[in-house]
*Asks:* 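What follows is a single structure, and I will ask about it in a moment.
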Amino acid sequence: MRIIIASHNPHKIVEFKELYDGDFVSLSDIGFDEEIIEDGHSYLENAEIKVKAIQERFPDDLIIGDDSGFSVRALNHEPGIYSARYLSHLSQQQKNEKILELLKDVTDRRATFTCAMVLSYQGHTFHTQEVVYGTIPLEPQGSDGFGYDPIFIPDGYEQSFAQNHELKKKVSHRALALRKIIAHVQYLQD
Ligand code: ITT
């Protein structure tokens with residue numbers, strides 16, 4: 001059965017495909033190019049908004065949506081659910097540098113990545129939300145991945161998500177959430 005990933009972010013699609021060998025199709029594969037307005041007040045609400053927008057057009061398909069964000073403890077948990085819009089006039093590299101500048105004299109360098117994931121199939125929905133805890137290095141590290149990956153080192157490891165792609169596949173917020181979602185997909189298919 002094909003699974004539509006309700007995301008316009010090509011990096012996420014790549015990660016989904018690397019994490020599970022399923023029949024994933026992207027929004028561009030199905031010709032859905034409309035913008036989805038994410039005006040929810042939580043990651044889960046936004047993930048649901050994305051899934052519902054696709055479900056209206058593709059009611060027979062199994063759909064998975066993900067809403068994620070990066071949250072810095074010493075910056076009042078910003079950017080959080082506004083991660084995509086945070087400092088929107090800056091490039092991603094500039095955003096990462098800006099966060100490092102704001103943390104220049106700050107010793108509390110804790111941060112999290114959160115991923116809410118929603119599965120919807122024939123009127124049945126399943127939700128999960130996963131968090132990965134880590135710290136922010138003094139300089140950006142690595143060039144793999146996307147977004148805030150170069151400035152996040154998960155607890156228990158010494159490399160950033162952008163330095164060690166295998167590490168991201170193993171412990172990331174998205175990997176943890178997708179494992180639970182896939183277990184549920186398998187339950188529905190058996
Ligand atoms: P879709 O809504 O179309 O899925 P998006 O990029 O807007 O794409 P999100 O709202 O879930 O996705 O994510 C907001 C931002 O959070 C995203 O653009 C990245 O900057 C950051 N982000 C999310 N997941 C990330 C990850 O695994 N690594 C690094 N940054 C991430």
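These numbers come from the heavy atoms of this one structure, side chains and all, not from hydrogens, waters or symmetry mates. Read the numbers this way: they start at 1 and go in the same order the structure lists the ligands and their atoms.
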*Asks:* Please name the residue in the list Leu27, Ile64, Leu62, Asp23 that meets the side chain to side chain contact (heavy atoms under 4.5 Å, CB included) test with Ile4.
*Replies:*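 Only one of Leu27, Ile64, Leu62, Asp23 forms a side chain to side chain contact (heavy atoms under 4.5 Å, CB included) with Ile4, namely Leu27.
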
*Asks:* Kindly say whether Gln186 contributes a backbone atom to a donor-acceptor pair with the side chain of Gln189 at under 3.5 angstrom?
*Replies:*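 A pair under 3.5 Å: no.
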
*Asks:* Look at the aromatic rings of Phe152 and Phe113 and report parallel, tilted or perpendicular, splitting at 30° and 60°.
*Replies:*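 If you compare the ring of Phe152 with that of Phe113, the planes turn out perpendicular.
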
*Asks:* So, do His124 and His184 have ring centers that fall under 6.0 Å from each other?
*Replies:*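 When the ring centroids of His124 and His184 are compared, they turn out to be within the sub-6.0 Å range.
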
*Asks:* Identify the heavy atoms of Lys95 and Ala84 that sit nearest to each other, and give their distance.
*Replies:*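 Taking every non-hydrogen atom into account, NZ-O, 3.6 Å.
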
*Asks:* For the residue pair Glu48 and His127, confirm or rule out a side-chain donor-acceptor distance under 3.5 Å.
*Replies:*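 Yes.
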
*Asks:* Less than 4.0 Å is my threshold; does some heavy atom of Lys95 fall inside it relative to ligand 1?
*Replies:*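 Heavy atoms of Lys95 never come under 4.0 Å of ligand 1.
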
*Asks:* Can you confirm whether Arg174 sits close enough to Phe16 that some side-chain heavy atom of one is under 4.5 Å from a side-chain heavy atom of the other?
*Replies:*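 They are in contact (side-chain heavy atoms under 4.5 Å apart), so the answer is yes.
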
*Asks:* Is a donor from one side chain sitting under 3.5 angstrom from an acceptor on the other, for Glu35 and His8?
*Replies:*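 Absent: no donor and acceptor within the cut-off.
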
*Asks:* For atom 22 (N) of ligand 1, tell me which residue out of Phe70, Tyr86, Phe146, Tyr43 has the closest non-hydrogen atom.
*Replies:*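 Result: the heavy atom closest to atom 22 (N) of ligand 1 is in Phe146.
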
*Asks:* Can you tell me the protein heavy atom closest to atom 30 (N) of ligand 1 and the distance?
*Replies:*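 Going by distance alone, atom 30 (N) of ligand 1 is nearest to Tyr148 N, 3.2 Å.
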
*Asks:* Phe113 heavy atoms, cut-off 4.0 Å: which ligand 1 atoms fall inside?
*Replies:*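 This gives 25 (C), 26 (C), 28 (N), 29 (C), 30 (N), 31 (C) as the contact atoms.
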
*Asks:* Mark up the atoms of ligand 1 that fall under 4.0 Å of a heavy atom belonging to Asp67, in ascending order.
*Replies:*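 Selected atoms, number and element: 9 (P), 10 (O), 11 (O).
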
*Asks:* As an exercise, identify every atom of ligand 1 less than 4.0 angstrom from a heavy atom of Gln92.
*Replies:*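 What qualifies from ligand 1 is 20 (O).
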
*Asks:* Heavy-atom distance to atom 15 (C) of ligand 1: which of Ser83, Gly147, Pro10, Gly65 wins?
*Replies:*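 Ranked by closest heavy atom to atom 15 (C) of ligand 1, first place is Ser83.
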
*Asks:* What are the atoms of ligand 1, with element, lying closer than 4.0 Å to any heavy atom of Lys50?
*Replies:*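 Within the 4.0 Å cut-off of Lys50, ligand 1 contributes 1 (P), 2 (O), 4 (O), 9 (P), 10 (O), 11 (O).
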
*Asks:* Can you find an N/O atom of Glu15 closer than 3.5 Å to an N/O atom of ligand 1?
*Replies:*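 For ligand 1, there is no N or O atom that lies under 3.5 Å from one belonging to Glu15.
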
*Asks:* Name the closest protein heavy atom to atom 6 (O) of ligand 1, giving the residue it belongs to and the distance to 0.1 Å.
*Replies:*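 For atom 6 (O) of ligand 1, the nearest protein heavy atom is Asn9 ND2, 3.0 Å.
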
*Asks:* Salt bridge or not for Glu15 and Lys168, using N-O below 4.0 Å?
*Replies:*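 Answer for the salt bridge query: yes.
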
*Asks:* To check your reading of the model: name the closest protein heavy atom to atom 7 (O) of ligand 1, its residue, and the distance in Å.
*Replies:*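 For atom 7 (O) of ligand 1, the nearest protein heavy atom comes out as Ala84 CB, 3.8 Å.
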
*Asks:* Tell me which protein heavy atom sits closest to atom 3 (O) of ligand 1, plus the residue, atom name and distance to 0.1 Å.
*Replies:*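 Among all protein heavy atoms, the one nearest atom 3 (O) of ligand 1 is His8 N, 2.8 Å.
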
*Asks:* For atom 23 (C) of ligand 1, grab the closest protein heavy atom and report residue, atom and distance to one decimal in Å.
*Replies:*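 Looking at atom 23 (C) of ligand 1, the protein heavy atom closest to it is Ser68 CB, 3.5 Å.
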
*Asks:* Among all protein non-hydrogen atoms, which one is nearest to atom 27 (O) of ligand 1, and what is the separation to 0.1 Å?
*Replies:*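 The closest heavy atom on the protein side is Lys168 NZ, 2.7 Å.
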
*Asks:* Would you check if the side chain of Glu45 reaches a backbone N or O of His41 as a donor-acceptor pair within less than 3.5 Å?
*Replies:*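 Side chain of Glu45 to backbone of His41, a donor-acceptor pair under 3.5 Å: yes, one is there.
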
*Asks:* Counting only heavy atoms, tell me which of Lys12, His173, Arg174, Glu38 gets closest to atom 9 (P) of ligand 1.
*Replies:*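 When every heavy atom of Lys12, His173, Arg174, Glu38 is considered, Lys12 comes closest to atom 9 (P) of ligand 1.
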
*Asks:* Counting from 1, what ligand 1 atoms have a heavy atom of Asp149 closer than 4.0 Å?
*Replies:*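 Counting atoms of ligand 1 from 1, those under 4.0 Å from Asp149 are 26 (C), 28 (N), 29 (C).
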
